[in-house]
**Q** 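This structure is in structure tokens; I'll ask about it shortly.
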Protein chains: 2
Amino acid sequence: MTQKGITLKDVAAAANVSRATAARALNSYGYVGDGTALRVLEAAERLGYRANLVAQALRSGQLPIVGFIPGDIQNPFFARIAHDIEAELRRHRHNLLIASSEENVEQEKELLESLRSLSIRGFILAPTSATDSQHIVQLAREGTPVVLIDRVVKEVHCDSVIVDNEGGAREAVDYLVANGHERIGLLRDESRIFTAQERFAGYQNSLVSHGIALDPWLVSVSRSTVEHAIEATIRLFSRRDRPTALFTVDSLMTQGALLGLRSMGLSIPHDVSLVGFDDFNLATFTDPQITVVAQPTSEIGPVAAKMLLDRLAGKKLAPRHTRFPTRLIVRGSVSQLHGR
Amino acid sequence: MTQKGITLKDVAAAANVSRATAARALNSYGYVGDGTALRVLEAAERLGYRANLVAQALRSGQLPIVGFIPGDIQNPFFARIAHDIEAELRRHRHNLLIASSEENVEQEKELLESLRSLSIRGFILAPTSATDSQHIVQLAREGTPVVLIDRVVKEVHCDSVIVDNEGGAREAVDYLVANGHERIGLLRDESRIFTAQERFAGYQNSLVSHGIALDPWLVSVSRSTVEHAIEATIRLFSRRDRPTALFTVDSLMTQGALLGLRSMGLSIPHDVSLVGFDDFNLATFTDPQITVVAQPTSEIGPVAAKMLLDRLAGKKLAPRHTRFPTRLIVRGSVSQLHGR
DNA sequence: TTGAAAGCGCTAACAT
DNA sequence: ATGTTAGCGCTTTCAA
């Protein structure tokens, strides 16, 4: 046993002062005589005193912890953001509690519900559903600071950090069209997810602006996992009159598409051209390398963390919304379609 | 404002009982009249009562939170483990606080130090250093349950979950030798890291058992990031009389090697054969696919979480150590060396 | 079967 | 400049 259970009382006793004075010295507020302060500090040091944050939290009603609820911590996109948030919070002596919703609204609700009992100071959240959002509205209304990332929910008025999904998707499809493609497949995730909606809109808008009719058969919906995306890809390309190009709405689905196409013996870009939303490590390792719409992943975490920290510091501002632009990175997965 | 700040007192008042009785009814212990219990439960329900975990923690000295300190949450290996631990903890109504050490011992110490004030119930930790470990010893000695994963520290007596690093590395190098390679490069990370030591031992042992002398020039040390590994690879292969094969000790370094070799115009497996420790998504997307030593990543998290949960439940057992076997997955990145 | 009261460790209003 | 005291929300003796 070592310096476990050294409390303020012990320090106060050792320094021959009251607990109040000891607290003042330790947290440097109010009046404390110089000599006294020194004695207290010295005693605390000697005893190995460490303030009990739980006790502080009971009084203040706030634990120095922020909750992060991503769709899936295994998605490198979220892992990167988690890392950045954590680093930023650490600078402000806060900790990060991570709980994945696993893209399941019910789980998201339960998580939020259970975390509220913990007096968590605020949340950074990637809501699973763009519509089922009463639980978030509720949370925000109670005064708990919330920052939405990657996705946004209409009814909720709080800070948010997202990217230009519509523009990014549109640019991707524009690029495909510019290369002569007209039968452009879309591999998208469930429409309850905000980004799915916006990216789908970009796909549509691009087609419309080029006078290309939207063919529902070219759109395949799947869950956002490599496995599901493989199946969806195979479904899409098993039809005769298959697409000449494919746009995938996130990196996991892009990977699934890669695998699905390979399993069908379809080569990129010879048989099929491919553009994916969200850049990922793997994209530069394949041959050819994959053309993608890149998001400024490294900026999202820090910005979101700072927004939340501002709220925790008590700043009363109107909700702020950051929307980052995306960037098309042309690599080698799109070919000029001949016979045009 | 909604059901914020409903306390036990409110529930007790609403049910016309004392706080003590309300607590008994809510937590079902001690004697409570059936009718009374019902009234209390009903009142709690109606008021939307939620127990204040911080207050409970102040009494019990324990917050239902477990700390996870990986080297880097962005490493898919740790992200997967984090996910699995979290899922397991959730079943036992515990939460997971994640803080990366970023492979920095000092940061690891600070993290632990600051988290102790939080009355965290236990830790799952991948220690950055195999030697600098007093802080962990200390922690364990104070009675805080600790489970070590991926890496282990001699002086610390606690549960651990690791894999057969030596055996896995040996098998990889054996395989290279069996394919006629003798000049086998090693890309390893810093020797303070436990896994680095064991994997290096496996490399050595294999060479020795085949009567091949260890050539220090063939060993390149680098930090475990893609960028550093690229440089180290280039360094290794810039020498004349370069290796015919390369063994990399983790997936980030394998990626770095891939990139480094490509930048030098060296093709796999024609110019260089490659085997990496730790399987990763990308390994099957490259052409050729990469031969790797796979770890049972999906088993580590659940086992570690269960060990910790046992401790939290108060089980007094001798420290348990699980060491999982590894498995060589032969794909296409190794070629039979001619002229042998 | 229930209630009163103490106390977990800390802070802050109030008094001195 | 310092001490006294009350109380954050909860659990748990102890007494009734």
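To find a chain, count down the sequence lines: A is the first, B the second, and so on, and within it residues start at 1.
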**Q** Return no unless some side-chain N or O of A/Asn52 is found under 4.0 Å from OP1 or OP2 of C/dC8.
**A** no

**Q** Which residues within residues 31-44 of chain B lie with some heavy atom under 4.0 Å of an atom in DNA chain D?
**A** none

**Q** Select base, sugar-phosphate, or nothing to describe what B/Val54 touches, counting heavy atoms under 4.0 Å on all strands.
**A** nothing

**Q** The side chain of A/Leu58 is closest to which nucleotide in this list: C/dG9, C/dT11, D/dT12?
**A** C/dG9

**Q** Looking at A/Lys315, I'd like to know if its NZ atom is crowded, meaning that more than 12 non-hydrogen atoms belonging to other residues, nucleotides or ligands lie closer than 6.0 Å.
**A** no

**Q** Nearest-nucleotide wise, let me know which of B/Ala20 and A/Tyr29 is further upstream toward the 5' end of DNA chain C.
**A** B/Ala20

**Q** Under a 3.5 Å threshold, yes or no: a donor from one side chain and an acceptor from the other, between B/Thr128 and B/Glu103?
**A** yes

**Q** Roughly, in whole Å, what's the span from CG in A/Leu26 to P in C/dA12?
**A** 13 Å

**Q** Indicate, yes or no, whether a donor-acceptor pair under 3.5 Å links the base of D/dG3 to the side chain of A/Arg24.
**A** yes

**Q** Of the nucleotides C/dG3, D/dT11, C/dC10, which one has an atom closest to the side chain of B/Leu8?
**A** D/dT11

**Q** Decide if atom OH of B/Tyr29 counts as having more than 12 heavy atoms of other residues, nucleotides or ligands within a radius under 6.0 Å.
**A** yes

**Q** Does A/Gln56 put a side-chain nitrogen or oxygen below 4.0 Å from OP1 or OP2 of C/dG9?
**A** no

**Q** Among the nucleotides C/dT11, D/dC10, C/dT2, which one has an atom lying closest to any side-chain atom of B/Arg59?
**A** D/dC10

**Q** Show your reasoning for whether salt bridge (Lys or Arg N to Asp or Glu O under 4.0 Å) applies to A/Arg90 and B/Glu110.
**A** CA-CA 10 Å; A/Arg90 180 152 43 214; B/Glu110 283 168 26; over 6 Å; no

**Q** Classify A/Ala57 by what it touches in the nucleic acid, base, sugar-phosphate, or nothing, heavy-atom distance under 4.0 Å.
**A** nothing

**Q** Can you find a heavy atom in the side chain of B/Phe324 that is under 4.5 Å from one in the side chain of B/Val303?
**A** yes

**Q** When you measure from the side-chain N and O atoms of B/Ser18 to the phosphate of C/dT2, is any distance below 4.0 Å, counting only OP1 and OP2?
**A** no

